[in-house]
Protein chains: 2
Amino acid sequence: MLKYALLGFLNYQPYTGYELKQTMDVSTANFWHAKQSQIYMTLKKLEAGNLVTSEIEPQEGRPNRRVYTITQAGRSDLQSWLSKPITQLEPHKETLLLQLFFSARQDKATLLTQLRLLRDLHQQQVKHYKIETKAVVQDFAASTGLGKDALLWDATRRFGEQFEAMTVRWLDETIAMIEETF
Amino acid sequence: MLKYALLGFLNYQPYTGYELKQTMDVSTANFWHAKQSQIYMTLKKLEAGNLVTSEIEPQEGRPNRRVYTITQAGRSDLQSWLSKPITQLEPHKETLLLQLFFSARQDKATLLTQLRLLRDLHQQQVKHYKIETKAVVQDFAASTGLGKDALLWDATRRFGEQFEAMTVRWLDETIAMIEETF
DNA sequence: GAATACATGTAAAATGTTACATGATTTT
DNA sequence: AAAATCATGTAACATTTTACATGTATTC
């Protein structure tokens with residue numbers, strides 16, 4: 001899957017592995033992230049499969065850059081993935097829910113403290129989406145002039161914002177339930 | 001992490017690997033799932049670490065069962081994990097958002113078809129949580145008499161229900177946005 | 001003087017998925 | 001007669017994380 005994140009970005013313009021990591025960190029990281037080392041390895045695999053090519057750009061006083069460019073085969077592969085509809089939902093993993101599921105014998109006060117702390121973390125995330133992520137989307141849109149793209153980028157941002165807001169509401173309900181009935 | 005899911009269940013009673021898989025499939029699978037083979041391997045590791053013990057129960061006309069029991073060390077490990085608060089959020093992966101992010105050049109009609117199909121899938125999931133999962137929680141509560149546990153199990157169920165409902169709302173907004181502005 | 005940014009990579013370990021292998025009993 | 005259930009496991013592969021390894025230039 002990281003494969004398609006990388007091809008997706010390379011479909012706009014050539015990038016180095018380092019730049020791809022930075023770009024992902026301020027854009028797709030909210031719903032698709034990767035470590036630097038994994039990006040380098042995946043790019044190597046993509047090149048082995050002729051989906052991208054690379055060339056080294058020498059630099060002075062800095063390490064050389066390896067710049068990757070998508071190939072025609074890469075564009076086809078990306079296109080084919082994009083047009084393939086999702087027909088079944090993938091299961092999620094939520095550590096928080098796993099913990100909560102087994103917490104019936106935990107101390108009530110401790111449990112409440114943990115959940116309140118988490119509530120604040122998620123509340124911060126709501127702000128993060130409303131402010132930082134919002135700004136990034138607008139900057140991208142202004143600098144690239146990609147209107148349609150910006151609308152979809154903002155749709156993914158709204159998903160994040162609404163997910164976090166929903167989580168805060170759910171935590172509030174859950175905290176209230178534990179306060180009352182435990 | 002699967003480690004703690006298994007210890008969590010074994011903290012109630014002994015289970016075989018097969019039974020753990022079945023139990024997870026109707027309970028935690030919504031937020032934590034695993035393949036049968038991974039469960040067997042993880043149990044083996046837990047036994048090597050003395051967090052569980054196992055003994056073989058011979059059966060006639062059926063394969064023998066290997067029944068796992070949690071040890072005192074296992075209970076301590078679980079307890080220590082349960083009391084450790086989550087201080088930083090883990091990043092999520094959402095294939096749908098990744099696809100959407102790069103879909104600006106896709107055909108409008110095709111994109112709308114894909115999103116509407118997905119909307120229906122998530123709508124079904126809302127029902128799944130409201131009916132099937134709800135019933136499982138109530139059955140567990142009734143048969144085990146674990147009142148506190150059932151309240152927390154239902155809290156995780158509500159998270160799923162609310163997540164799916166939020167996703168349906170977001171898809172409706174996104175579909176409307178694409179219909180109007182693309 | 002210390003930290004961050006720039007820039008690349010390898011290696012080991014952990015985690016998770018898919019495929020293979022077996023075989024009786026029960027249900028459809 | 002075919003499919004599902006019960007029950008265990010191994011092996012290969014893919015994915016992801018963590019740690020290791022290097023070195024200059026710029027910013028605080």
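The chains referred to below are lettered A, B, ... by the order of the sequence lines, with proteins before strands, and numbering in each begins at 1.
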Just the rounded figure in Å: distance from [atom2] of [N] to [atom1] of [X].
{"X": "A:E57", "N": "C:dT8", "atom1": "CD", "atom2": "C1'", "value": "14 Å"}
{"X": "B:L2", "N": "C:dG16", "atom1": "CG", "atom2": "C1'", "value": "10 Å"}
{"X": "A:K35", "N": "D:dA19", "atom1": "NZ", "atom2": "P", "value": "10 Å"}
{"X": "A:E47", "N": "C:dT8", "atom1": "CD", "atom2": "C1'", "value": "14 Å"}
{"X": "B:L6", "N": "C:dG16", "atom1": "CG", "atom2": "P", "value": "11 Å"}
{"X": "B:Q38", "N": "C:dG16", "atom1": "CD", "atom2": "C1'", "value": "5 Å"}
{"X": "A:H92", "N": "C:dG16", "atom1": "NE2", "atom2": "P", "value": "15 Å"}
{"X": "B:L46", "N": "C:dT15", "atom1": "CG", "atom2": "P", "value": "11 Å"}

For a quick check under 3.5 Å, do [X] and [Y] share a side-chain donor-acceptor pair by atom type?
{"X": "A:S54", "Y": "A:R66", "answer": "yes"}
{"X": "A:T28", "Y": "A:H33", "answer": "no"}
{"X": "B:T95", "Y": "A:E90", "answer": "yes"}
{"X": "B:R158", "Y": "A:T174", "answer": "yes"}
{"X": "A:H92", "Y": "B:E94", "answer": "yes"}

Which pairs, protein N/O on one side and nucleotides 3-10 of chain D N/O on the other, fall under 3.5 Å?
unit_1: D:dC6; atom_1: OP2; unit_2: B:Y18; atom_2: OH; d: 3.2
unit_1: D:dC6; atom_1: OP2; unit_2: B:Q22; atom_2: NE2; d: 2.9
unit_1: D:dC6; atom_1: O4'; unit_2: B:R62; atom_2: NH1; d: 3.3
unit_1: D:dA7; atom_1: OP1; unit_2: B:Q59; atom_2: OE1; d: 3.3
unit_1: D:dA7; atom_1: OP1; unit_2: B:Q59; atom_2: NE2; d: 3.0
unit_1: D:dT8; atom_1: OP1; unit_2: B:R66; atom_2: N; d: 2.8
unit_1: D:dT8; atom_1: OP2; unit_2: B:Y18; atom_2: N; d: 3.1
unit_1: D:dT8; atom_1: OP2; unit_2: B:Y40; atom_2: OH; d: 3.1
unit_1: D:dG9; atom_1: OP1; unit_2: B:R66; atom_2: NE; d: 3.0
unit_1: D:dT10; atom_1: OP1; unit_2: B:K44; atom_2: NZ; d: 2.9
unit_1: D:dT10; atom_1: OP2; unit_2: B:K44; atom_2: NZ; d: 2.6

Original post:
B:K93 near the nucleic acid: base, sugar-phosphate alone, or nothing, with a heavy-atom cut-off under 4.0 Å?
Top reply: sugar-phosphate

**OP:** Show your reasoning for whether side-chain contact (heavy atoms from CB on, under 4.5 Å) applies to A:L112 and A:F182.
**Re:** CA-CA 11 Å; A:L112 284 171; A:F182 260 51; over 6 Å; no

